[in-house]
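What follows is a short report on a single structure.
Along the sequence shown, the residues carry numbers beginning at 1. Numbering of ligands and ligand atoms starts at 1, following listing order.
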Amino acid sequence: MEMEFVCSSMRRSISKLVKCTILVVLWFSCFSFTSTEAYDPLDPNGNITIKWDIISWTPDGYVAVVTIFNFQQYRHIQAPGWTLGWTWAKKEVIWSMMGGQTTEQGDCSRFKGNIPHCCKKDPTVVDLLPGTPYNQQIANCCKGGVINSWVQDPANAASSFQLSVGAAGTTNKTVRVPKNFTLKAPGPGYTCGPAKIVKPTKFISADKRRVTQAMMTWNVTCTYSQFLSQKTPTCCVSLSSFYNDTIVPCPTCTCGCQNNITQPGSCVEGDSPYLASALSSSSKNSYTPLVQCTNHMCPIRVHWHVKLNYKEYWRVKITITNFNYRMNYTEWNLVVQHPNFDNLTQIFSFNYKSLTPYAAINDTAMLWGVKFYNDLLMQAGPLGNVQSELLFRKDKSTFTFEKGWAFPRRIYFNGDNCVMPPPDAYPWLPNASSRSVASLVGPIMTFFASLVFLLG
Ligand SMILES: *[C@@H]1O[C@H](CO)[C@@H](O)[C@H](O)[C@H]1NC(C)=O
Ligand SMILES: *[C@@H]1O[C@H](CO)[C@@H](O)[C@H](O)[C@H]1NC(C)=O
Ligand SMILES: *[C@@H]1O[C@H](CO)[C@@H](O)[C@H](O)[C@H]1NC(C)=O
Ligand SMILES: *[C@@H]1O[C@H](CO)[C@@H](O)[C@H](O)[C@H]1NC(C)=O
Ligand SMILES: *[C@@H]1O[C@H](CO)[C@@H](O)[C@H](O)[C@H]1NC(C)=O
Ligand SMILES: *[C@@H]1O[C@H](CO)[C@@H](O)[C@H](O)[C@H]1NC(C)=O
Ligand SMILES: *[C@@H]1O[C@H](CO)[C@@H](O)[C@H](O)[C@H]1NC(C)=O
Ligand SMILES: *[C@@H]1O[C@H](CO)[C@@H](O)[C@H](O)[C@H]1NC(C)=O
Ligand SMILES: *[C@@H]1O[C@H](CO)[C@@H](O)[C@H](O)[C@H]1NC(C)=O
Ligand SMILES: *[C@@H]1O[C@H](CO)[C@@H](O)[C@H](O)[C@H]1NC(C)=O
């Protein structure tokens, strides 16, 4: 009787707790919804800055080097790369370009003899591809528009092209800055501010013995918002633990629903003959995902398994699985928020850097693959996963397996939010751990841990 009473009151308090958690989660999502305008709480200063340096004046304009710096900690631009557009303030034309090209030439019929590279009022520029002849390259160009993130590979976090502009001003008083910059990466998501004239950039020669400077420089800052990118989710999280057999799957229909009737072929079974034909068909170069059929239909799933409990430490296994047959994720990254990251002791087979946007709170980690080992997350199939284990030192004042504490608060894959299961679905501790027997939790957990440990 008494036990029953304890349990039912416990259940009531759990349901209260769940409601409370849901409220908190809702509050948080409202918060992030209104603030997603151009703000990522885990990378509050993240931006892409486009710097436009006028290197020299020409009889009818100037030569400029434009550099796109990715100052975002973890969001990168993957294939098929960036697209940069703007609107000229006057009747400027682009005579020639290096390290990049406009997608359209536009109407150059008013020119005779020398024909410009582009006469459009609103040119759109893309990067050149790797393997471009050297005489058309400049430094930091020709990577097919791929730009790495600032933390992961700062040496490859910028992309440049050079352009010679005509029918423009020829002094810093007559030049007009272009308007209405747009950056696609390659889809929507970025919003760019107006160009601001800043102090001319100083260039230091390779031997560091001479400094030159641009004639004039302006900067444009672009920020990302997942809300603007209007994407359906692309990633979800599943959970499990050593203390409960339940594997909590990704929420059903997170990224789409299986619908064999209205949308046959919206997903494929791993062993279906349809797969081979779909992959070899004309859509081969398509970037729309072709996903394996799952309840969640996401191209990416992150699984968090609470694996072991030692006296002083506990251990988590993370597995990232690719369900997309059309995509190898190069230079993938994961951002994970969990309060125990301030006591991360060891991490196996992934790179790690702590992200501390709010100096006092060290609860967010960026994880990415080891070069030539697992920095490539292969297309769906037997090789389409990467995994790692994390060892955390317990902080007695906060550590608990209760209330889902051992599970992550937030996960991003390549900068996009991974949808978590609802908090009330998290694996529970066994009944024995109710508050009335709290004193038993430690020993029981240790017992479980050693059992699991012994069983391998
Ligand atoms: C863009 O990011 C850089 C590097 O983090 C930072 O110095 C700069 O202030 C940011 N710009 C804006 C407008 O936030
Ligand atoms: C333009 O150039 C003059 C010197 O030639 C300089 O004093 C002035 O600050 C420059 N203005 C801008 C906006 O760069
Ligand atoms: C800015 O660009 C967007 C998209 O290219 C376009 O819809 C808009 O009309 C442009 N605004 C101006 C002032 O040119
Ligand atoms: C302009 O951009 C460059 C490169 O990102 C940066 O170093 C410089 O500080 C920026 N200037 C201003 C005033 O934001
Ligand atoms: C779609 O087909 C798969 C197997 O072909 C099946 O497992 C799944 O239940 C079907 N889904 C619906 C909504 O009919
Ligand atoms: C992924 O990489 C492997 C090995 O490099 C290659 O065989 C495969 O075609 C690639 N898949 C896609 C979808 O690009
Ligand atoms: C955060 O904690 C981890 C693990 O103790 C440590 O390696 C890292 O240096 C810390 N980061 C900061 C910015 O304090
Ligand atoms: C965990 O990390 C915090 C901050 O780095 C430190 O103050 C604390 O002593 C650590 N706890 C343990 C058990 O190592
Ligand atoms: C494991 O957790 C689930 C919730 O995900 C719960 O329904 C189940 O009762 C738990 N099992 C045990 C043995 O406590
Ligand atoms: C946990 O308690 C509930 C209700 O009190 C009971 O139905 C369930 O079987 C218990 N589970 C375990 C694993 O003891």
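- Inside a 4.0 Å radius of atom 7 (O) of ligand 8 there is not any protein heavy atom.
- Counting heavy atoms closer than 4.0 Å to ligand 8, residue K396 contributes nothing at all.
- Of the candidates W52, W218, F69, the one placing a heavy atom closest to atom 4 (C) of ligand 4 is F69.
- Atom 11 (N) of ligand 4 is flagged as protein-proximal [any protein heavy atom, distance under 4.0 Å].
- Applying the 4.0 Å criterion to heavy atoms of F71 picks out, from ligand 4, the atoms 5 (O).
- Under the 4.0 angstrom criterion, atom 14 (O) of ligand 4 counts as having a protein heavy-atom contact.
- Looking only at distances, no side-chain donor or acceptor of Q72 sits under 3.5 Å from a matching main-chain atom of N70.
- Aromatic rings of F242 and F401 (six-membered ring for Trp) have centroids within the 6.0 Å cut-off, being under it.
- Annotation for ligand 4: atoms under 4.0 Å from non-hydrogen atoms of T49 are 2 (O), 5 (O).
- Under the 6.0 Å cut-off for aromatic ring centres, Y426 and W405 do not qualify, their centroids lying 6.0 Å or more apart.
- Applying the 4.0 Å criterion to heavy atoms of N219 picks out, from ligand 4, the atoms 1 (C), 2 (O), 3 (C), 8 (C), 10 (C), 11 (N), 12 (C), 14 (O).
- The nearest protein atom to atom 5 (O) of ligand 8, hydrogens excluded, is given as D342 O, 3.8 Å; this is a heavy-atom distance.
- For ligand 8, none of its N or O atoms has an N or O atom of K394 under 3.5 Å away.
- The protein heavy atom nearest to atom 3 (C) of ligand 6 is N328 ND2, 3.7 Å.
- Centroid-to-centroid, the aromatic rings of W150 and F69 stay 6.0 Å apart or farther.
- In terms of protein heavy atoms, atom 9 (O) of ligand 8 is closest to N343 ND2, 4.7 Å.
- Taking the six-membered ring where the residue is Trp, the centroids of F392 and F399 are separated by 6.0 Å or more.
- Checking Q78, R75, E331 one by one against N414, the side-chain contact (heavy atoms from CB on, under 4.5 Å) holds for a single residue, Q78.
- The atoms of ligand 6 that sit less than 4.0 Å from any heavy atom of Q379 are 1 (C), 8 (C), 9 (O), 10 (C), 11 (N), 12 (C), 13 (C).
- Here the side chains of C192 and W86 are not in contact, with every heavy-atom distance at 4.5 Å or above.
- Between C236 and C255 the SG-SG gap reaches or exceeds 2.5 angstrom.
- Enclosure of atom NZ in K196 is not indicated, since only 12 or fewer non-hydrogen atoms of other residues, nucleotides or ligands lie within 6.0 angstrom.
- Listed by atom number, the atoms of ligand 4 under 4.0 Å from K51 heavy atoms are 2 (O), 3 (C), 4 (C).
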